[in-house]
2 protein chains.
Amino acid sequence: MARRSDHTREELKDLILASATKIIEKEGFSALTARKIASDIGYTPGTLYNVFQSMDGLTLALNGITLEKLLPVLAQSKEVNKDKAPEEIMKAMAREYRDFATTNRERWLMMFKHEISDEEEIPEWFRGKIALLFQPLEDVLKDHFTFSSDAKRQIAARFLWASIHGIYFLHETGKLPLLDGEDVCENMTDALIENCVKGLRK
Amino acid sequence: MARRSDHTREELKDLILASATKIIEKEGFSALTARKIASDIGYTPGTLYNVFQSMDGLTLALNGITLEKLLPVLAQSKEVNKDKAPEEIMKAMAREYRDFATTNRERWLMMFKHEISDEEEIPEWFRGKIALLFQPLEDVLKDHFTFSSDAKRQIAARFLWASIHGIYFLHETGKLPLLDGEDVCENMTDALIENCVKGLRK
DNA sequence: CTAACAATTGAACAATGTTTAATTAATGTT
DNA sequence: AACATTAATTAAACATTGTTCAATTGTTAG
């Protein structure tokens with residue numbers, strides 16, 4: 001067959017991404033193969049390469065969607081808790097982040113396990129989404145703390161974010177088991193936030 | 001050929017690990033394949049499976065060696081700086097960690113990129129090494145701060161460690177570019193430590 | 001109706017980890 | 001010393017990957 005025109009290029013792209021999502025959620029991201037997607041949507045592997053440059057490109061597109069799903073979660077969490085004390089807002093945001101990672105475990109893991117091929121550069125549209133990721137936390141800092149410069153505040157937002165992520169990531173991947181026990185991850189994150197907030201208040 | 005007895009089982013194991021190390025350092029950990037190791041040491045792939053259960057087992061052994069190289073680095077850093085203020089000791093330890101990760105980049109990356117196959121359990125000897133990893137930091141906390149319980153101190157040591165690692169890991173893998181600029185990673189880590197130390201002092 | 005076009009395929013390639021029967025060097029036995 | 005046993009090593013095969021590309025065949029234009 002050829003030129004079936006069952007679907008436009010755009011429809012095909014959506015089909016592929018939807019199928020990939022399904023596979024990831026059902027079988028984990030390491031089960032995502034070109035052949036599996038193709039057979040799932042009733043095409044052959046070659047067709048995927050008409051739509052995406054490579055499996056790497058497909059992965060990048062999936063990661064972009066993951067980021068887009070995550071952004072409003074954090075923004076809303078900040079909005080909902082805006083009248084609480086800053087440490088409570090941050091704790092809530094961290095909890096939302098962990099919930100998101102748990103609910104969308106394989107998508108989330110894929111973002112960080114995916115290797116960047118030697119300096120293939122993260123595209124600009126992707127960097128843009130990442131910048132937005134830190135915004136809610138930066139806003140909290142802007143509302144409740146004073147910094148000697150914008151740069152200092154940006155640094156604070158990012159080390160907080162990286163720390164919160166780092167704790168959960170190590171805990172969840174199990175590569176460096178931190179501590180056993182119920183809620184130990186939440187306890188660690190809350191302790192981190194409490195101490196940092198005290199520090200930021202001087 | 002068979003039973004060449006060129007090398008004992010132990011020698012073979014060392015040969016394999018040495019060759020693997022060489023390959024990783026020269027070509028990156030994603031270039032590590034059974035065939036490449038085998039041809040490098042003058043054997044065939046099958047022989048690797050006499051010594052290791054799988055490539056996964058080989059990777060685990062390599063990661064164990066990486067941990068063993070890292071442990072004394074942190075312990076010594078703590079020892080050398082023991083007369084300084086606690087925040088300075090911690091900053092120095094964090095710096096040593098980053099230096100280690102830079103110097104042994106591919107080994108270090110391999111530890112965290114390697115996926116655990118579905119609940120195949122991290123072996124006990126490996127968990128033991130990991131526990132030692134947090135010891136120097138725990139000692140610093142014990143020497144300079146008071147905690148309401150041992151558990152609280154363990155939590156503090158681990159969230160600090162995970163945070164320091166998290167910052168450097170995100171920065172280095174470039175998956176979530178934090179900020180551009182010289183020494184931005186050191187600045188973030190130092191800021192984290194300063195704020196946490198202030199918090200821990202109540 | 002025919003010619004140009006382009007989406008899709010199918011088959012192939014190189015590379016991966018892993019398994020297994022066959023080989024053969026070393027050891028043990030008579 | 002000759003033979004039998006044992007076990008380390010190999011070669012070849014398998015099932016998978018991602019990826020490429022000439023050939024095919026619907027679709028569209030003239």
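Quick caveat, the model's predicted, so the values are computed rather than measured. Chain identifiers are assigned alphabetically (A, B, ...) following the order of the sequence lines, protein sequences preceding nucleic acid strands; residue numbering begins at 1 within each chain.
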Protein-nucleotide distance ([X], atom [atom1]; [N], atom [atom2]), rounded to Å:
| X | N | atom1 | atom2 | value |
| --- | --- | --- | --- | --- |
| A:Asp6 | D:dT25 | CG | P | 16 Å |
| B:Leu48 | D:dA11 | CG | P | 14 Å |
| A:Arg9 | C:dA6 | CZ | P | 11 Å |
| A:Ile16 | C:dT8 | CD1 | C1' | 12 Å |
| A:Asn50 | D:dC21 | CG | P | 13 Å |
| B:Tyr43 | C:dT24 | OH | P | 17 Å |
| B:Leu15 | D:dT9 | CG | P | 11 Å |
| B:Ile23 | C:dT16 | CD1 | P | 11 Å |

Problem set entry | salt bridge (Lys or Arg N to Asp or Glu O under 4.0 Å) partners for B:Arg98, two or more places apart |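 Expected list: B:Glu186.
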Salt bridge (Lys or Arg N to Asp or Glu O under 4.0 Å) with B:Asp99: which residues, sequence neighbours excluded?
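Salt bridge (Lys or Arg N to Asp or Glu O under 4.0 Å) list for B:Asp99, sorted by chain: empty.
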Quick one: which protein N/O atoms are closer than 3.5 Å to N/O atoms of nucleotides 16-19 of chain D? Pair and distance per line, please.
| unit_1 | atom_1 | unit_2 | atom_2 | d |
| --- | --- | --- | --- | --- |
| D:dG18 | OP2 | A:Ala34 | N | 3.2 |
| D:dG18 | N7 | A:Arg35 | NH1 | 2.8 |
| D:dG18 | O6 | A:Arg35 | NH2 | 2.9 |
| D:dT19 | OP2 | A:Tyr49 | OH | 2.6 |
| D:dT19 | OP2 | A:Met55 | N | 2.8 |
| D:dT19 | O5' | A:Tyr49 | OH | 3.3 |
| D:dT19 | O4 | A:Arg35 | NH2 | 3.4 |

Check your understanding: Is the shortest distance from a Lys or Arg side-chain nitrogen in A:Lys142 or A:Asp139 to a carboxylate oxygen in the other one below 4.0 Å?
Key ->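 The answer is no: the pair does not qualify as a salt bridge.
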* Asked: Between B:Arg4 and D:dT10, does any side-chain N or O lie under 4.0 Å from OP1 or OP2?
  ->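 Yes, B:Arg4 has a side-chain N/O under 4.0 Å of OP1/OP2 on D:dT10.
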Review point. Distance check: side-chain N/O of A:Ser5 vs OP1/OP2 of C:dA7, anything under 4.0 Å?
Key: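 So the side-chain polar atoms of A:Ser5 never come under 4.0 Å of the phosphate oxygens OP1 or OP2 of C:dA7.
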Does a sphere of radius 6.0 Å around NZ in B:Lys13 hold more than 12 heavy atoms from other residues, nucleotides or ligands, not counting ones at 6.0 Å or beyond?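 Not buried by this count: 12 neighbours or fewer within 6.0 Å.
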- So does B:Glu27 have more than 12 non-hydrogen atoms from other groups sitting under 6.0 Å from CD?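 Enclosed: over 12 neighbouring heavy atoms sit under 6.0 Å from CD of B:Glu27.
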- Should the pair B:Arg4 and B:Tyr43 be classed as cation-pi, given the thresholds of under 6.0 Å to the six-membered ring centre and 45° from the axis?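 Yes - B:Arg4 lies over the ring of B:Tyr43, closer than 6.0 Å to its centre and within 45° of its axis.
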| task | Check every strand shown and say whether A:Leu12 touches a base, only sugar-phosphate, or nothing at a heavy-atom separation below 4.0 Å. | result |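 Touches sugar-phosphate only.
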Parallel, tilted or perpendicular: which fits the ring planes of B:Tyr168 and B:Trp108, with parallel below 30° and perpendicular above 60°?
->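 Ring orientation, 0 to 90° scale: tilted.
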